[in-house]
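Encoded as structure tokens, the structure appears first; notes follow it.
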Amino acid sequence: MPPKRKATTAAGGRAAKRVASGVNTPVSMGSSEDDYTDTVGAEASETEAEDLKKLISKFSASSYRQKNHSAGNVGDAASRLFKRDRDLSSLTLKPDHVNRPLWLDPDRGRIVMETFSPSFKQAQNFLINVAEPQSRTTNVHEYTITGHSLFAAVSVGLTTNDIIRQLEAFSKTKLPEGLKEFIVTNTQSFGKVRLVLKHNSFYIESQDAAVLQTLLRDEVIGPCRIEGAEEISTEKASKMAGLVIPGTKMAAGARQANEKPVERLRDKDDDDDDDEFNDAEAEKDMTEFLRDEDDDDETDQVHSFQVPGSHIQKVQERCNQLGLPLTEEYDFRNDDVNANLVIDLKPTAQIRYYQEHALNKMFGNGRARSGIIVLPCGAGKTLVGITAACTVKKSVIVLCTSGMSVVQWRAEFLKWSNINPDDIATFTSDHKDKFNDKAGIIICTYSMVTQASRRAHDSQVVMDFIMSKEWGLMILDEVHVVPAEMFRKVTEKVATHSKLGLTATLLREDDKIKDLNFLIGPKLYEANWLQLSEEGHIARVQCAEVWCPMTTEFYTEYLRTKNTNKRSLLSTMNPRKYQACQFLIDFHERRGDKVIVFSDNVYALKKYALKLGKAFIYGDTPPHERIRILENFQLNPDVNTIFLSKIGDTSLDLPEATCLIQVSSHYGSRRQEAQRLGRILRAKRRNDEGFNAFFYSLVSKDTNEMFYSSKRQAFLVDQGYAFKVITHLNGIDQMPKLAFSTGLERRELLTDVMLQNETAGDVEKIEGDLFGERQGRPSGKKGARRTAGTLSELSGGQDMAYVEYNKSRNKELKGKGGPQNAFIRKLKRDAEKRKAAARSLQ
DNA sequence: CACCCCGTAA
DNA sequence: TTTGGTACGGGGTG
């Protein structure tokens, strides 16, 4: 990849998207009335297999354009780096540059890595420690060195020299001076100041009293100190003090372990993982050795001042700004104040290599470092958390976003570890347990801990218990929610020695994500999605964006209104989008896929589902009905498609679907897009020969959806997913019973859409006018929505055309009591039999 | 239990 | 160029 690649800049990732969304796209979905005449009776002449072949060939041939780069088009993901003044060609290359994978941007800390380089694996293992992955596509990875990433590197045990030496070794050019300086200035002060928990109080601690003096003179930190006899107390550093100071010699142990000269390259990639593990073992021994030495020879003094829990965040944030981030490490093996917990992994629990890598980052020097581990959905985040708990062996508090995942975490703990069930308690609104022994695990929801007012009596009791205890480890599930105003309170309410944050998508659309650096700790590990799916740990997914032109009726209305809600509703109700959805469901059901359709908008959700005769779940669906529908989806061969609102993004335990269709979504939320894709990464069938999961995003052409869609995909594109654009679904013209194929039907739909939209607004206004103070029913919103629903039903006349289809599949699946349950039981038995048969075949 | 209300998140 | 429908968990009530 010579630097002169800048010549082809325009072909780069999102630039291609702009080209594709331009004017002259090959649309063959038809724009004339004729294309939509009823095709019932014109049975498709081909067999299913031929159908499949045809569609798949379409996917890989002429009717799509790849927005992302593809193999053979090396370097497009990085090409934006080489624009204008980003030309690196002036730099002189080392003679053996071909064997070195890194391009270093002298000014901005950007690093571009060639994945086809012979020393790629080593370089990647190193880079993941010191830089933030920005984008990791097939041939090129892009990283950035930042203050935070260097903090993470130092806290993982690397020294300034390690970083500089290894960067130099992997770089194609001489290490730029500016970058070297940046690394030096940013790493020097790290690790000087620590946050320590002692006897349920927080202390800011350092070996250097002068640093503490400086902090106390700071206008923000100074007033936070708890008034005591002494301003700064000094004691001899000892094991009993809770936290042993990470001396530089400790880092030396880690340095040796991390060092891997480029010259000593090995061909076999797989060996690498085992080596890393052994190195970590060696590292631990070294740590032990050094610790003993420290205690014998040195009489280090530790200085500290106390800060109340309520001010911790302020101090942490300020220290971050001052370039002196607080290190949090828990020397759990030498903590004999807090009781030990009897817990171990079951021998059957097998940790995968990347989980081990992640845990090595956390426990690399024999202590628990606070930080964040990022793994895609289905890659075993829970097991990482459980293994961490089994390592620390102290009381653990696990925080989840929903009651469902509380239950799941408990089940997983029982599945993977030998923990005594009496030692795990759950704490939610309908289950308020404590554990009886001195040490234990408590699993609860964020809101249970953060709720400030209106406490039920027995939850106050449990809350007091939690706050009175000193916790060894706090596991924060879905840690990306923590920066929220309310949820961030957990870190000040619960006194814990270490924190482990877990998430699949360390993303927010606001800028609060950086707060996690001081709220939890640095990002310790981030898995490479592409690599995991190539290795079969998560499913391979084909992503496609399907462009659906707007019908003239809908587009006219779209242009006529400036109201964004109305506009987005028109875009999602676009009849041609509905047709595309109908076609794709049919296609994939016949292929044997289980299909989930997502729609954020519940009006659209119901309309689509009812007309297609599929079951749907959204917020108001009562729990028993949800379960029934999900069971049927999982077991009943006749139920292969369900519709979900954004309920499916987070809080549903979804069965193993293999195909996903997105009809409407939430603006430009990258997290939602990634999370939805995550729903199919678990697919059990993923290791079948040639298995692919499918992810479709239906987008109405020439609407705002186009813009948001590309925003939403940004994260996945950076993870290496290639989104293909499909402008025509081959065979849709021959589709029997294609909906909305007449102008009349489409106009009826439009009327319904417009009515739905207006009534919601009107009713609220009327209610306000009529009742002024709105006595008796303080929440006008709920009433308004209900009324709107009724009015929409009253609009009856136009709905006549739908009546024959508009039968709720939900009701069919709902029934209660004996017969239905017996049916489900039979399905379950059948499924068991099939599984057993499959096992005996192997 | 079934229902409502409330605050909060994204 | 960037908003607010929707859904949740928690607390009550009869």
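Chain A is the first sequence line, chain B the second, and so forth, proteins listed ahead of strands; every chain is numbered from 1. Just so you know, these numbers come straight off a predicted model, no measurement behind them.
- Evaluation of atom-type donor-acceptor distances gives no pair under 3.5 Å for the side chain of A:Tyr667 against the base of C:dT2.
- A salt bridge is absent between A:Lys314 and A:Glu317; no separation between the charged side-chain nitrogens and carboxylate oxygens falls under 4.0 Å.
- In this structure, A:Ser459 reaches the sugar-phosphate backbone alone: every heavy-atom distance under 4.0 Å involves primed, P, OP1 or OP2 atoms, never a base.
- Between A:Leu399 atom CG and B:dA9 atom C1' there is a gap of 16 Å when expressed in whole angstrom units.
- For A:Ser402, counting side-chain heavy atoms from C-beta on, the closest listed nucleotide (C:dT6, C:dT2, C:dC8) is C:dC8.
- Between C:dT6, C:dG12, C:dT2, one nucleotide has an atom nearer to the side chain of A:Tyr708 than all others, and that is C:dT2.
- Note on A:Arg488: nothing from the nucleic acid sits closer than 4.0 angstrom, heavy atoms only.
- Side-chain N/O atoms of A:Ser568 and A:Ser571 include no donor and acceptor closer than 3.5 Å.
- For A:Ile647, whose side chain is taken as the heavy atoms from C-beta onward, the closest listed nucleotide among C:dC8, C:dG9, C:dG11 is C:dC8.
- Taking the centre and axis of the six-membered ring of A:Phe465, the NZ or CZ atom of A:Lys434 falls inside the cone set by 45° and 6.0 Å.
- For the pair A:Lys611 and A:Phe740, the cation-pi test (distance below 6.0 Å, angle within 45°) is passed.
- In this structure, of C:dT1, C:dG12, C:dA7, it is C:dA7 that holds the atom nearest to the side chain of A:Val602.
- The distance between atom CG of A:Asp649 and atom C1' of C:dT6, rounded to the nearest whole Å, is 11 Å.
- Side chain of A:Gln451, nearest nucleotide from C:dG11, C:dT6, C:dT2: C:dG11.
- At the heavy-atom level, A:Lys432 lies under 4.0 Å from the strands shown only through sugar-phosphate atoms.
- In this structure, A:Leu519 and A:Lys499 approach most closely via the heavy-atom pair O-NZ, 3.1 Å.
- Between the CG atom of A:Asp620 and the C1' atom of B:dA2 there is a distance of 14 Å, given to the nearest Å.
- Backbone-only engagement by A:Gly403 is indicated by non-hydrogen atom pairs under 4.0 Å involving sugar-phosphate atoms exclusively.
- Remark: C1' of C:dT2 and CD of A:Glu705 are 16 Å apart, rounded to the nearest angstrom.
- In this structure, the side chain to side chain donor-acceptor pair (under 3.5 Å) partners of A:Tyr618, at least two apart in sequence or on a different chain, are A:Lys606.
- Between A:Asp510 atom CG and C:dT2 atom C1' there is a gap of 12 Å when expressed in whole angstrom units.
- One atom, CG of A:Asp430, and another, P of B:dA2, lie 13 Å apart when rounded to the nearest Å.
- When the salt bridge (Lys or Arg N to Asp or Glu O under 4.0 Å) test is applied to A:Arg682, no partner is found at least two apart in sequence or on another chain.
- Heavy-atom distances to DNA chain C give each of A:Ser447 and A:Thr564 a nearest nucleotide, and the one nearer the 5′ end belongs to A:Thr564.
- A salt bridge links A:Glu557 and A:Arg560; the closest N-O separation between the charged side-chain nitrogens and carboxylate oxygens is under 4.0 Å.
- Residue-level contact check: A:Tyr618 touches the backbone only, with heavy atoms under 4.0 Å from sugar-phosphate atoms and none from bases.
- Using a 4.0 Å heavy-atom criterion, one finds that A:Thr650 contacts no nucleic acid atom at all.
- What separates CZ of A:Arg455 from P of C:dG10 is a distance of 9 Å, to the nearest Å.
- Distance A:His457 NE2 to C:dG12 P: 12 Å, rounded to the nearest Å.
- Near-neighbour residues of DNA chain B inside residues 475-486 of chain A, defined by a heavy atom below 4.0 Å, number-ordered: A:Val481, A:Ala484, A:Glu485, A:Met486.
- A sub-4.0 Å separation between OP1 or OP2 of C:dG9 and a side-chain N or O of A:Thr401 is absent.
- Side-chain proximity of A:Lys711 to C:dT2, C:dG11, C:dA7: nearest is C:dT2.
- Between C:dT6, B:dA9, C:dG10, one nucleotide has an atom nearer to the side chain of A:Arg508 than all others, and that is B:dA9.
- Two residues are said to be in side-chain contact when any heavy atoms from C-beta on lie closer than 4.5 Å; A:Val595 and A:Leu660 fail this criterion.
- Residue A:Thr428 places its side chain closer to C:dG10 than to any other of C:dT6, C:dT2, C:dG10.
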